[in-house]
Amino acid sequence: AGLRALQLDECSTGLVAGVTLMFAPGVSESFASAGMTSARGRSHTFDERADGYARGEACGGVALRGGVNDGAALGFCGSAVRQDGRSASLTAPNGQAQQGLLVAALQDASTSVDTLALNEAHGTGTALGDPIEAGSLMGAVLNARDAPLPVGGVKANIGHAEPAAGMTGLLKLVLSLDQAQTMTNAQLRLL
């Protein structure tokens with residue numbers, strides 16, 4: 001909402017925040033019983049050892065300003081929100097819907113796939129979701145690019161912050177752009 005308000009000149013500054021705190025152990029127990037969390041206690045994003053995600057706590061926020069930003073110039077020029085479409089279950093994402101989201105965000109930003117510097121993926125570390133996400137990225141972005149695109153996933157470093165997951169990904173992206181380097185996925189092993 002903050003980004004859209006800036007785009008529509010409804011305000012000059014927008015605040016965006018995300019917070020996740022885990023106070024009720026029953027939630028973690030129910031996610032583990034449902035097979036959603038990793039038995040190893042780690043999110044192995046885009047790794048063949050992926051067996052679920054690790055839960056994580058987070059608190060973060062950013063101030064978005066119209067015009068030129070101080071610090072990391074992110075070019076907050078586009079976004080998109082979509083429903084995941086028809087899928088087999090909560091944990092089975094719809095690849096076509098994800099491709100549509102990526103295309104819509106690029107269109108909203110009036111940019112092309114060749115201008116992207118890196119992609120911060122959702123990358124939960126699940127054997128089902130990660131391959132679907134990678135395939136969606138391939139179909140909507142990578143197949144149309146000439147150059148490789150670095151792909152990261154903060155959940156491998158800090159776990160899945162659930163409602164604050166988007167904020168943690170954004171903060172990692174800001175840090176990567178500010179330092180002009182891509183951070184590695186902590187759990188990724190090339191076999």
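The structure presented is a predicted model; accordingly, all values stated were derived computationally and were not measured.
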Would you say that [X] contacts [Y] through its side chain, given a criterion of any heavy-atom pair below 4.5 Å between the two side chains?
X	Y	value
Ser112	Leu106	no
Asp51	Thr126	no
Asp108	Ser79	yes
Asn119	Pro150	no

Drop me the distance from [X]'s [atom1] to [Y]'s [atom2], to the nearest 0.5 angstrom.
X	Y	atom1	atom2	answer
Leu137	Leu142	CG	CG	4.0 Å
Met36	Ser28	CE	OG	10.5 Å
Leu102	Arg82	CG	CZ	10.0 Å
Asn185	Asp47	CG	CG	9.5 Å
Asn157	Met183	CG	CE	8.5 Å
Tyr53	His160	OH	NE2	5.5 Å

Please name the pair of heavy atoms, one in Thr45 and one in Leu188, separated by the smallest distance, quoted to 0.1 Å.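 Distance-wise, the nearest heavy atoms are O-CD1, 3.8 Å.
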Work out which heavy atom in Ser43 is nearest to a heavy atom in Gly159; give both atom names and the distance.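 That would be OG-CA, 4.2 Å.
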Under the salt bridge (Lys or Arg N to Asp or Glu O under 4.0 Å) test, which residues partner Glu120, sequence neighbours left out?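 Applying salt bridge (Lys or Arg N to Asp or Glu O under 4.0 Å) to Glu120 gives Lys172.
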Partners of Arg55 by salt bridge (Lys or Arg N to Asp or Glu O under 4.0 Å), sequence neighbours excluded?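 By the salt bridge (Lys or Arg N to Asp or Glu O under 4.0 Å) rule, Arg55 matches Glu162.
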I'd like to know if the side chain of Ser38 reaches the main chain of Arg40, judged simply by a donor and an acceptor atom lying under 3.5 Å from each other, with no hydrogens or angles considered.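 Flag set: sc Ser38 to bb Arg40 pair under 3.5 Å.
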Please determine whether residues [X] and [Y] belong to a single hydrophobic cluster, defined as Ile, Leu, Val, Met, Phe, Trp and Tyr linked transitively by side-chain heavy-atom distances below 4.5 Å.
X	Y	answer
Val151	Val141	yes
Leu15	Leu170	no
Val103	Val113	no

Tell me, which pairs form a side chain to side chain donor-acceptor pair (under 3.5 Å) where one or both residues lie in residues 134-152, sequence neighbours left out?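 Qualifying pairs, neighbours excluded: Gln98-Ser136.
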